[in-house]
Amino acid sequence: MTAGADLLAGLNPAQRSAVTAPLGPVLVLAGPGSGKTRVLTHRIAYLIEALGAAPEHILAVTFTNKAARAMASRLEALLPAAAGAARPNLGTFHAWSARLLRRESAYLEVSRDFVIFDEDDQSTLVRQAIKDLGYDPKQVPPAKIQAIISQAKNEMVAPEAIASGSHVQTIARQVYARYQAALRNNNALDFDDLLTQAARLLREHPDVRERTRARHRHLLVDEFQDTNSVQYELLRWLASDTADLFVVGDADQSIYRWRGADYRNVRRFSQDYPQAQVILLEQNYRSTQTVLDIAMAVIDRAPGRQPKRLFTDRGQGSRVTVYEAYDESDEARFAVDTIAELAAGNHARPGDCAVMYRTNAQSRSLEEAFLRAGLPYRLVGAQRFYGRREVKDVIAYLRLAHNPDDQVSLLRVLNTPSRGLGAKSTASVLEAAAGGGQSPGRLLLLLGSGQATLPTGLSGKAGAALLEFGRNLQRWRTLSQNGTVAGLIEAVLADVKYRAFLEDGTEEGVERWANVLELCNLAAEYTDLDLAAFLESVALVSDQDTLSDAQDVPTLLTLHAAKGLEFPVVFIVGLEEGLLSHQRSLDEKDALDEERRLFYVGITRAMDRLFLVRAFRRRIGGASLISEPSRFLADLPADCIHGDLPYGRTQAQSVYLRQTRWETPVASFPPLQAQFAVGQRVAHSTFGEGVVLETRLEQDDEIVTVSFAKVGVKRLSAAVAQLEILEDE
DNA sequence: GCATCGGATTTTTTT
DNA sequence: AATCCGATGC
């Protein structure tokens, strides 16, 4: 059998030793661009092909659906599955946990049909709990309480166990207890519960543990540095005695500390599994050496890290440009002008470029500059699709039909669109439900089927509206159990005249209706999903997952959103004290270290060209303030930088500098080596397999013409399209 | 129930 | 500055 040999071709020695490591705990420390996804997918293939593992016994966990999908498609290219054959289990921690909880729902305080509450739902409940306890939401910030609760959950701390050192903590403890009770009453779990309950089940119930371990004999974890305590505990319970636990991560890219992620889990792993093999991936396939030198100069100042020596054979590349703009609009103009010049000179395509920033608010001036220049752009993550009011409304109707106990959804839609049921009517419904010992949703269902009478004190008009709502709810519930999701949405929209409600004559109204239609299309696509599955997939997607990369336009995104991505040309803007690093991180050492890592993550997204930009003055809130350059700029090695300019240059000077900028760096850019050859067989994640017809080097990119079996001839940029070379048999 | 006004708020956000 | 939330008035 040569099964193993094929898999290993094209891997460097470090990657190969990771892929072929014997079963047991393995810790792969993967620098940026070192091919960690490649290692993960090859490891899975190796488990199956060479070690004879059953695919269904493999579980690979990621943090985003997108990462899971990417892994699935690369795995498919590597190891095409026979029809009907079992596939490895790939998914996010949360999706996996939700599945476990539904399977083992007998051990839960909620039923198998539980809904998943997102952060919006959470704040509704927390706010409600604060009010119920007689506190003023103004004096007790719900967001802060919510953060304390979430943190407690992630550390597996029960309400009673919250320290009562401060006033806020005392209140948080009460709110926490009430909040948990409210979740139970709503037959709901929040994001944190998915993980904590899964961990609890594994900890407290040996039978569940055994069953679950039997299903997943081989575990793999991506972005391990981002795991929090619960996720780590989950993995520890999940790992059987053989502990075939293969984790890949990079503590230097840990940027979610404020979300509970603890990169010290990397160290903990080595302590808990002293026999673990540790493999360092240091060769970078993404960036020029100059970019790596800058990155290392920045990260080497971070204390207490495992040193890594990143290297590449891509050559030195052009120097990094540091530009000091006058203000935020000059900064934006610089980015737009430079991208336009690069595109006009054929040095890069617009879609190769990305502009990264610390806070979403910074996207504004950039968007304005793009609009003024008449250039299209793509904005990542400002407003998530499922977070939009109209989409949430429709989903609330669906959730209510699915789970009538969901009071948060009921209260959301009871008077949306308005049907004359205000605060007073709502209160009497809640009161009547509480008096009858059931949820308000159930009461309305009974009302709709004529098995209950109107609560006392409801006048004719409100009563009629309530009756109609109950009848509708009854119908939707029947539809939810028998019909398709798309059919249910259609019925709801028609019954409540939702379109008329949205379309108020404004442009915004039209847009909102368009979003609803998009949701309908989405539902129509998933004909194989029942309502429960649809709601779950909707609850567990993020805006990151809906990011499409079809158009050839520049991308604007936060540094956080940039993790895991790469671009030939990267701008990092707003390199000022108070912004990067951010104001709120200045008084805490650990927070400041994380800002440094965030900058490092941004730098290492760049393949060829990197621009670091700061503004001399910036409008923050109301006032325009003179800014200090970011402390990180001082760490950059001078010989890697192009444009060592005094701060506070005038606008006229910047224009002059901009016009002359391109002569040197472009000329000094080293020629690229061709990666592909005519006649070679290659695989593309969406186009499938094909044969290379032609390849040529163009500026700093390789243009490959491929004839695909399924979609015909395509011209692709090797830098953008991830083509995998297939070995001939 | 809806419009309007005043006041507070403003980091990042895998699920 | 701009947006979001809540209270107030009609």
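Reminder, nothing fancy here: chain letters follow the sequence lines and each chain counts from 1.
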Next on the checklist: Quick test of your reading: applying side-chain hydrogen bond (donor to acceptor under 3.5 Å, both in side chains), list the pairs with at least one residue in residues 420-430 of chain A, sequence neighbours left out, ordered by first then second residue.
Outcome noted: none

Next on the checklist: Need one value for Glu119(A): base, sugar-phosphate or nothing, where a base atom within 4.0 Å counts as base even if backbone is also close, heavy atoms only.
Outcome noted: base

Checklist entry - Whole Å only: how far is the CZ atom of Arg364(A) from the P atom of dA2(C)? => result 6 Å

Next on the checklist: Any side-chain N or O of Ser585(A) below 4.0 angstrom from OP1/OP2 of dT11(B)?
Outcome noted: no

Checklist entry - Does a salt bridge link Glu566(A) with Arg605(A), judged by any charged N lying under 4.0 Å from a carboxylate O? => result no

Next on the checklist: Rounding to an integer number of angstrom, what distance separates dT3(C) and dT14(B) when you compare their C1' atoms?
Outcome noted: 26 Å

Checklist entry - For Asp262(A) and dT14(B), what is the distance between atoms CG and P respectively, to the nearest whole Å? => result 20 Å

Next on the checklist: For a quick test of reading the model: is some side-chain N or O of Arg584(A) closer than 4.0 Å to OP1 or OP2 of dT11(B)?
Outcome noted: yes

Next on the checklist: As a test of reading the structure: which of dT12(B), dT14(B), dG1(B) is closest to the side chain of Arg358(A), going by heavy atoms?
Outcome noted: dT12(B)

Quick one: side chains of residues 574-584 of chain A, donor-acceptor pairs under 3.5 Å with protein atoms, not counting sequence neighbours, listed by atom name and distance.
from, atom 1, to, atom 2, distance (Å)
Glu576(A), OE1, Arg618(A), NE, 2.7
Glu576(A), OE2, Ala615(A), N, 2.9
Glu576(A), OE2, Arg618(A), NE, 3.4
Glu576(A), OE2, Arg618(A), NH2, 2.7
Glu577(A), OE1, Arg631(A), NE, 3.1
Glu577(A), OE1, Arg631(A), NH2, 2.7
Glu577(A), OE2, Arg631(A), N, 2.8
Glu577(A), OE2, Arg631(A), NE, 3.2
His582(A), ND1, Arg584(A), N, 3.1

Next on the checklist: Expressed as a whole number of angstroms, how long is the span from Phe599(A):CZ to dT11(B):C1'?
Outcome noted: 18 Å

Item to check | Salt bridge Asp120(A)-Arg412(A), side-chain N to carboxylate O under 4.0 Å | outcome: no

Could you go over nucleotides 4-8 of chain C and give all protein N or O partners under 3.5 Å, atom names and distances?
from, atom 1, to, atom 2, distance (Å)
dG6(C), OP1, Arg127(A), NH1, 2.5

Checklist entry - Lys144(A) has an atom NZ; how far is it from atom C1' of dT11(B), in whole Å? => result 15 Å

Next on the checklist: Using OP1 and OP2 only, check whether a side-chain N or O of Asn360(A) sits under 4.0 Å from dT12(B).
Outcome noted: yes

Next on the checklist: Should Trp258(A) be counted as stacked on dT12(B), where stacking needs a ring-centre gap under 5.5 Å and an angle between planes under 30 degrees?
Outcome noted: yes

Item to check | Under-4.0 Å side-chain N/O to phosphate OP1/OP2 contact, Thr558(A) with dT13(B) | outcome: yes

Checklist entry - Is Asp593(A) salt-bridged to Arg596(A), going by a charged N under 4.0 Å from an acidic O? => result no

Item to check | Rounded distance in Å - CD1 (Ile255(A)) to C1' (dT11(B)) | outcome: 12 Å

Checklist outcome for this item: Between Leu559(A) and Gly420(A), whichever has its closest DNA chain B nucleotide further toward 5' is Gly420(A)

Checklist entry - Over how many whole Å does the gap from Asp118(A) atom CG to dT13(B) atom P extend? => result 16 Å

Item to check | Rounded interatomic separation in angstrom, taking OH from Tyr357(A) and C1' from dT11(B) | outcome: 13 Å

Item to check | side-chain contact (heavy atoms from CB on, under 4.5 Å) involving Ala335(A) - partner list, sequence neighbours excluded | outcome: Val355(A), Leu366(A), Phe571(A)

Checklist entry - Counting any heavy atom closer than 4.0 Å, what does Leu580(A) reach on the DNA or RNA strands: base, sugar-phosphate only, or nothing? => result nothing

Checklist entry - Touch check for Gly564(A), heavy atoms < 4.0 angstrom, all strands: base, sugar-phosphate only, or nothing? => result nothing

Item to check | Nucleotide nearest Asn415(A) (side chain, heavy atoms from C-beta), chosen from dG1(B), dT14(B), dT11(B) | outcome: dG1(B)

Checklist entry - With centres under 5.5 Å and planes under 30° as the test, does His582(A) stack with dT11(B)? => result yes

Checklist entry - When the P atoms of dT12(B) and dC5(C) are considered, how many whole Å apart are they? => result 16 Å

Next on the checklist: Distance check needed: dT12(B) C1' versus Gln362(A) CD, whole Å only.
Outcome noted: 11 Å

Item to check | Sequence neighbours excluded, every pair satisfying side-chain hydrogen bond (donor to acceptor under 3.5 Å, both in side chains) that has a member inside residues 188-202 of chain A | outcome: Ser150(A)-Asp192(A), Lys153(A)-Asp190(A), Lys153(A)-Asp193(A), Tyr179(A)-Asp190(A), Gln197(A)-Arg200(A), Arg200(A)-Glu204(A)

Checklist entry - Of all residues at least two apart in sequence or in a different chain, which pass the side-chain contact (heavy atoms from CB on, under 4.5 Å) check with Ala295(A)? => result Tyr600(A), Ile603(A), Thr604(A)

